[in-house]
Student: 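Let me begin by handing over the structure; questions about it come next.
Each chain gets a letter, A, B and so on, in the order the sequences are listed, and its residues count up from 1.
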Amino acid sequence: MLKIILPTMMLVPLTWMSKPNMIWINTTTYSLLISLISLTYLNQLSDNSLNFSLTFFTDSLSAPLLVLTTWLLPLMLMASQFHLSKETLTRKKLYITMLILLQLFLIMTFSATELIMFYILFEATLVPTLVIITRWGNQTERLNAGLYFLFYTLVGSLPLLVALLYAQNSLGSLNFLMVQYWTQPLPNSWSNIFMWLACMMAFMVKMPLYGLHLWLPKAHVEAPIAGSMVLAAVLLKLGGYGMMRITTMLNPLTNFMAYPFMMLSLWGMIMTSSICLRQTDLKSLIAYSSVSHMALVIVAILIQSPWSYMGATALMIAHGLTSSMLFCLANSNYERTHSRTMILARGLQTLLPLMAAWWLLAGLTNLALPPTINLIGELFVVMATFSWSNITILLMGVNITITALYSLYMLISTQRGKYTDHIKNIKPSYTRENALMALHLLPLLLLSLNPKVVLGFIY
Amino acid sequence: MNLLTSFTITTLFMLIMPIILTCTPAYENKLYPQYVKTTVSYAFTISMIPMVMFIHSGQEAIISNWHWMTIQTLKLSLSFKLDYFSMIFVPVALFVTWSIMEFSMWYMHADPNINRFFKYLLMFLVTMMILVTANNLFQLFIGWEGVGIMSFLLIGWWYGRTDANTAALQAVLYNRIGDVGFIMAMAWFLLNTNAWDFQQIFMIEHKNLNIPLAGLLLAATGKSAQFGLHPWLPSAMEGPTPVSALLHSSTMVVAGVFLLVRFHPLMEHNKTIQTVTLCLGAMTTLFTAICALTQNDIKKIIAFSTSSQLGLMIVTIGINQPHLAFLHICTHAFFKAMLFLCSGSIIHSLNDEQDIRKMGGLFKSLPFTTTALIIGTLALTGMPFLTGFYSKDLIIETANTSYTNAWALLTTLIATSMTAAYSTRIVFFTLLGQPRYSPIITINENNQFLTNSVKRLLLGSIFAGFLISHNITPTTVPQMTMPCHLKMMALTVTILGFILALELNLAMQNLKFDYPLSTFKFSNQLGYFPTTLHRLAPMMGLSMSQKTASMLLDAIWLENVLPKSISYFQMKSSITVSNQKGLIKLYFLSFMITLILSLFMLNFHE
């Protein structure tokens, strides 16, 4: 594990010591190399996990997320080049350092063996994210967004700390590898119900669960591009990952505790996706679509069947890449029209045909076109919920339809139609941007060939 | 026998070559359309070999498997099923597409993105090939969705036009509703039979198959534009004419029927679903025929006639004759493609005029198109010994002699007669009488691309039905004997429709309605579907999402219940509890008092 943690740490001196004109190139190349090294973790040799040391391990659940994290850093660096071009050198370096710190924490979060360490790192990721949002956001609302982001996640996760301390006392260990053998079934009592809530709430807020999702659109909209990307792609998945890890401790209480949250998620996914239909703000639309997709993941994790776990894992990865790509596309629009409003960027297909192709592909993956892994994920989730209760197919069906609608609405309103006069003299798309989109899409396509890699530990 | 598989695979792989070529500079070449067209024609020729071998050797099916992955207990494989349906459909689709592509080289020659257009057409075809050769539900779903998305791209080809975009979105929306049914069926089969492979699904006995079959029926309803989910089909006419031709003949819309044909081993034992299918088909065929009667847009009339024929195919599935439905798919492809190409020729010649009221007398200026159009309409109505006859006549015969729902059968018969009526209307208004178009002469039908493609389809419209119907083995026992009047029924109602329509047109030509009748309005307004369903439902959905989801819940309740109320209470309580209240004057006053006091104290302390 150290072989990717140490290089990630060394990225910081690289940033600060690079020549001014080399900082982007150096960091991007170097982080891309790190992500290539981390690809080896996808090859899970043994049945259980790769244990590197007492503190770090990966298994087939965390490995894809880990690779996603490392894959995303070069992409974030590529994406933020333009909007930082006017900043001073020190600030650029500070920004890059924040991203590197975030990646460092995320890597350690995904590979921690100890729950307490997982918790600490889980909280530690808040710091760089908060700095990125509140310092480099574009409008004054960023402060409010930062406040919401911090308080929702903190308030959600503090009870978890208490619960973890209690569990440490009663179980004697919080090691992921041990806990699954040690854990006792939780009898149904009030205190255990609160235990369940304390353990799950932190992750549900992070996911986010419908009702506790208000921080997400705000944070996504106000964050600079790299912040939006990493939030959508990785930070939300921390919630899913944590839930999957911690439910092993909470059986059999999940069976009935899940009901209200499943209802909320099923209801919320329709609500949020119908909100998407009325968005005028491109980034907000993508943020709400994230909430809707994550609701599917929550449902899947709470069902706790092998199929649903596979679906949840696949969907997390697929959504990570897709939503990150959509944010990049939205940002490329924003850098040209200086507005997130969709109606101000109509008819872009005429002007930027290649970008339109990326938009099309991103939109299609977002609506889960077969045979992308988005479909595999959604299909498995739908199947698992169908077997849980047949009636849910109605809700799922409505959601599938609305998802298709807003994805195409987004596509049509930005790319199709006649272009407006004020965008006549926009810049053509850069190679950097096209490479960025290609690097998002490439893993999606490759994973479609062999989805097994991202199906988690029980395929 | 291995040759059979390899030839078919060759056919399929040949089609992918031009798509791969888009990554090379050849894509920029002016000859790319030519190249695509030639590839398709070669693919057609090659696909004939395995078809002939297949029919000759009388096999049932060849299945090739290539293991993809195993998930839990489910084995997913990339497998092709080459049975009668796929083996016969592939050449038919290739033949029709070949002609349509040649036609679009003429029709789209001025389009700057013609290369991309050809790529899309080819991808549309390829997804359809995936669909028909698939042997498991997942692979079928890939083709199924691919067809839907390609239709989105092609219908919205002229993306600058709002109507085209709306039509494209409509197509995806209605298809997506159908997809929900498909996904439900997939989930059910996985849950109950633990298989997505057709053979395994068919082998396992099940008592109650209503749920998955209803799902499949919903899927077919969406894709094949059956009643309720039909409005996207006429709207899809916003796309270029070659797209309409391809969409309506051999790809996309027949996919739904094809799905039901594939699943007939399950359907044939389920009476409930069969009845539903029958009634749905009958309703569609009648309703769309009624709509076609009063349309004035030539493409719309032909579109509605497709819808009506699709209804007829679904009726055929409902009376448990899947092979007849399949036969009708194949024969229909020829003459429907040709009708669209003819209308394209007319539209192009009249300078993009689609209204049949502004045509007329074209039989003198466009003799070749006239010939093709008349043969096409005759084939459509099922005139004896043209292509349509072999399937349509059989279907109506079988329907008449079966002892199922009499109302549905009667409805079908009325729709058949109406087919003749609206066909007459096309011929009457476009070809006969005096010219009503503008005198600027742009009429020209002498381009080779046009004549060759239409000629080829013309031959198909005359002979294909005979050839195919002689080589397809029935899956169920056909009715051998019937009374004379039942035998003649199809022909009688058709001729009746012709005569009635002709007489009415001649008699009413110079008359004018005082006011439109309510029946006329119903038909002309497409049964008030667009005015109600397309306004009310989106309006309700969108205002609900705005008012309930966005404003009420997200912006007000969720915001107020948690963050706002917490901060409010914090603020209030901190104000109440804290000692420091910002009363600066008072504080300074007390401070001064202390100061003065201390001064006094110090002063008097001596």
Student: How long is the span from the CD1 atom in B:Ile183 to the CG atom in A:Leu375, to the nearest 0.5 Å?
Tutor: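 Output value for this atom pair is 6.5 Å.
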Student: Does A:Leu442, at its CG atom, have more than 12 non-hydrogen atoms belonging to other residues, nucleotides or ligands within less than 6.0 Å?
Tutor: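 Enclosed: over 12 neighbouring heavy atoms sit under 6.0 Å from CG of A:Leu442.
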Student: For residues A:Pro451 and B:Met69, report the shortest heavy-atom separation together with the two atoms involved.
Tutor: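 That closest heavy-atom pairing would be CG-CE, 3.6 Å.
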Student: Can you tell which part of B:Ile149 gets under 4.5 Å to a heavy atom of chain A, answering side chain, backbone, both or neither?
Tutor: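 When you check distances to chain A, only side chain atoms of B:Ile149 fall under 4.5 Å.
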Student: Does any non-hydrogen side-chain atom of A:Lys452 lie less than 4.5 Å from one of B:Trp68?
Tutor: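 No - every pair of side-chain heavy atoms lies 4.5 Å or more apart.
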Student: Given a strict heavy-atom distance threshold of 4.5 Å, which part of B:Met186 is in contact with chain A: side chain, backbone, both, or neither?
Tutor: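 It is both, since atoms from each part get that close.
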Student: Less than 4.5 Å apart, side chain to side chain, heavy atoms only: is that true for B:Glu145 and A:Pro370?
Tutor: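 Sidechains of A:Pro370 and B:Glu145: in contact.
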Student: At their closest point, which heavy atom of A:Ser274 faces which heavy atom of B:Ser545, and how far apart are they?
Tutor: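 Of all heavy-atom pairs spanning A:Ser274 and B:Ser545, the closest is O-CB, 3.1 Å.
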Student: Using a 4.5 angstrom heavy-atom cutoff, name the option from B:Ile566, B:Leu153, B:Asp179, B:Asn175 with the most pairs to chain A.
Tutor: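 If we count pairs closer than 4.5 Å to chain A, B:Leu153 comes out on top.
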Student: Counting heavy-atom pairs under 4.5 Å with chain A, which one of B:Leu169, B:Ile211, B:Val561 comes out on top?
Tutor: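 If we count pairs closer than 4.5 Å to chain A, B:Leu169 comes out on top.
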Student: Given side chains that start at C-beta, do those of B:Phe138 and A:Ile376 come closer than 4.5 Å, heavy atoms only?
Tutor: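 Yes, at least one pair of side-chain atoms sits under 4.5 Å.
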Student: Just give me the residue among B:Ile177, B:Leu553, B:Asn192 that pairs up with chain A most often, heavy atom to heavy atom, under 4.5 Å.
Tutor: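 Most heavy-atom pairs under 4.5 Å with chain A: B:Leu553.
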Student: Given the options A:His213, A:Gln279, A:Arg416, which has more heavy-atom pairs under 4.5 Å with chain B than any of the others?
Tutor: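 Looking at each of A:His213, A:Gln279, A:Arg416 in turn, A:Arg416 comes out on top.
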Student: Is it the side chain or the backbone of A:Trp215 that comes within 4.5 Å of chain B heavy atoms, both, or neither?
Tutor: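 Contact with chain B is absent: no heavy atom of A:Trp215 under 4.5 Å.
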Student: Measure distances from A:Tyr148 to the heavy atoms of chain B and classify the residue's part below 4.5 Å as side chain, backbone, both or neither.
Tutor: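 Just the side chain, heavy atoms under 4.5 Å.
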Student: A quick test of your reading: do over 12 heavy atoms of other residues, nucleotides or ligands sit less than 6.0 Å from CE of B:Met551?
Tutor: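 No, the 6.0 Å shell around CE holds no more than 12 heavy atoms from other groups.
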Student: Under 4.5 Å, counting heavy-atom pairs only, tell me which of A:Leu367, A:Leu147, A:Ile402 racks up the most with chain B.
Tutor: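 Answer, by heavy-atom pair count under 4.5 Å with chain B: A:Leu367.
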Student: Checking A:Ile400 against chain B: side chain, backbone, both or neither under 4.5 Å from a heavy atom?
Tutor: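 For A:Ile400, the contact with chain B is made by backbone and side chain together.
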Student: More than 12 non-hydrogen atoms from neighbouring residues, nucleotides or ligands closer than 6.0 Å to OH on A:Tyr419, yes or no?
Tutor: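 Incorrect, the count does not exceed 12.
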Student: Chain B heavy atoms under 4.5 Å from A:Thr350: which part of the residue, side chain, backbone, both or neither?
Tutor: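 Answer is both: backbone and side chain atoms of A:Thr350 are under 4.5 Å from chain B.
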Student: Just wondering, more than 12 heavy atoms not from B:Tyr27 lying within 6.0 Å of its OH?
Tutor: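 Enclosed.
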Student: Just give me the residue among A:Thr272, A:Val382, A:Leu449, A:Asn450 that pairs up with chain B most often, heavy atom to heavy atom, under 4.5 Å.
Tutor: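 Option with the greatest count: A:Leu449.
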Student: Under 4.5 Å from any heavy atom of chain B, what part of A:Leu212 do you find: side chain, backbone, both or neither?
Tutor: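 The answer is the side chain of A:Leu212.
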Student: Checking heavy atoms, do the side chain of A:Leu360, its backbone, both or neither come under 4.5 Å from chain B?
Tutor: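 For A:Leu360, side-chain heavy atoms alone lie under 4.5 Å from chain B.
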Student: Minimum heavy-atom separation for A:Ala368 and B:Arg176, please, with both atom names.
Tutor: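 Looking at all heavy atoms of both residues, the shortest contact is O-NH2, 4.3 Å.
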Student: If I measure from the heavy atoms of chain B, does A:Leu411 come under 4.5 Å with its side chain, its backbone, both, or neither?
Tutor: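 Interface part for A:Leu411: side chain.
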Student: Would you say that A:Tyr152 contacts B:Pro563 through its side chain, given a criterion of any heavy-atom pair below 4.5 Å between the two side chains?
Tutor: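 Side-chain contact under 4.5 Å: yes.
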Student: Measure B:Gln139 against the heavy atoms of chain A and call it side chain, backbone, both or neither at under 4.5 Å.
Tutor: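 Interface part for B:Gln139: neither.
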Student: Could you tell me whether a side-chain N or O of B:Trp188 sits under 3.5 Å from a main-chain N or O of A:Met383, the two making a donor and an acceptor?
Tutor: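 Looks like no, no N/O pair under 3.5 Å.
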Student: With heavy-atom distances below 4.5 Å as the criterion, would you say the side chains of B:Val180 and A:Met396 are in contact?
Tutor: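 No, every pair of side-chain atoms sits at 4.5 Å or beyond.
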Student: Check the surroundings of atom CH2 in A:Trp388: do more than 12 heavy atoms from other residues, nucleotides or ligands lie under 6.0 Å from it?
Tutor: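 Yes, because the 6.0 Å sphere around CH2 of A:Trp388 holds more than 12 heavy atoms from other groups.
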Student: Need one label for B:Leu74: side chain, backbone, both or neither, based on atoms under 4.5 Å from any heavy atom in chain A.
Tutor: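 For B:Leu74, the contact with chain A is made by the side chain alone.
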Student: In terms of heavy-atom proximity below 4.5 Å to chain A, should B:Ile142 be classed as side chain, backbone, both, or neither?
Tutor: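 Backbone plus side chain of B:Ile142, per the 4.5 Å heavy-atom cut-off to chain A.
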Student: Where on B:Thr162 is there a heavy atom nearer than 4.5 Å to chain A: the side chain, the backbone, both, or neither?
Tutor: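 Neither part.
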Student: Chain A: which of B:Asp554, B:Leu562, B:Leu191, B:Leu542 shares the most heavy-atom pairs with it under 4.5 Å?
Tutor: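 The residue among B:Asp554, B:Leu562, B:Leu191, B:Leu542 with the greatest pair count is B:Asp554.
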Student: If you define the side chain from C-beta out and look only at heavy atoms, does anything of A:Met271 sit under 4.5 Å from B:Met544?
Tutor: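 Yes - at least one pair of side-chain heavy atoms lies under 4.5 Å apart.
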Student: For a 4.5 angstrom cut-off between non-hydrogen side-chain atoms, does A:Leu405 reach B:Val172?
Tutor: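 Side chain of A:Leu405 against side chain of B:Val172, heavy atoms only: no contact under 4.5 Å found.
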Student: Would you mind checking which part of A:Tyr210 comes under 4.5 Å of any heavy atom in chain B, side chain (CB onward), backbone (N, CA, C, O), both or neither?
Tutor: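 The side chain, not the backbone.
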Student: Need one label for B:Trp557: side chain, backbone, both or neither, based on atoms under 4.5 Å from any heavy atom in chain A.
Tutor: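 Neither; nothing under 4.5 Å.
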Student: Does some side-chain heavy atom of A:Ile412 sit less than 4.5 Å from a side-chain heavy atom of B:Tyr159?
Tutor: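 The answer is no, as the side chains (C-beta and beyond) never meet within the 4.5 Å cut-off.
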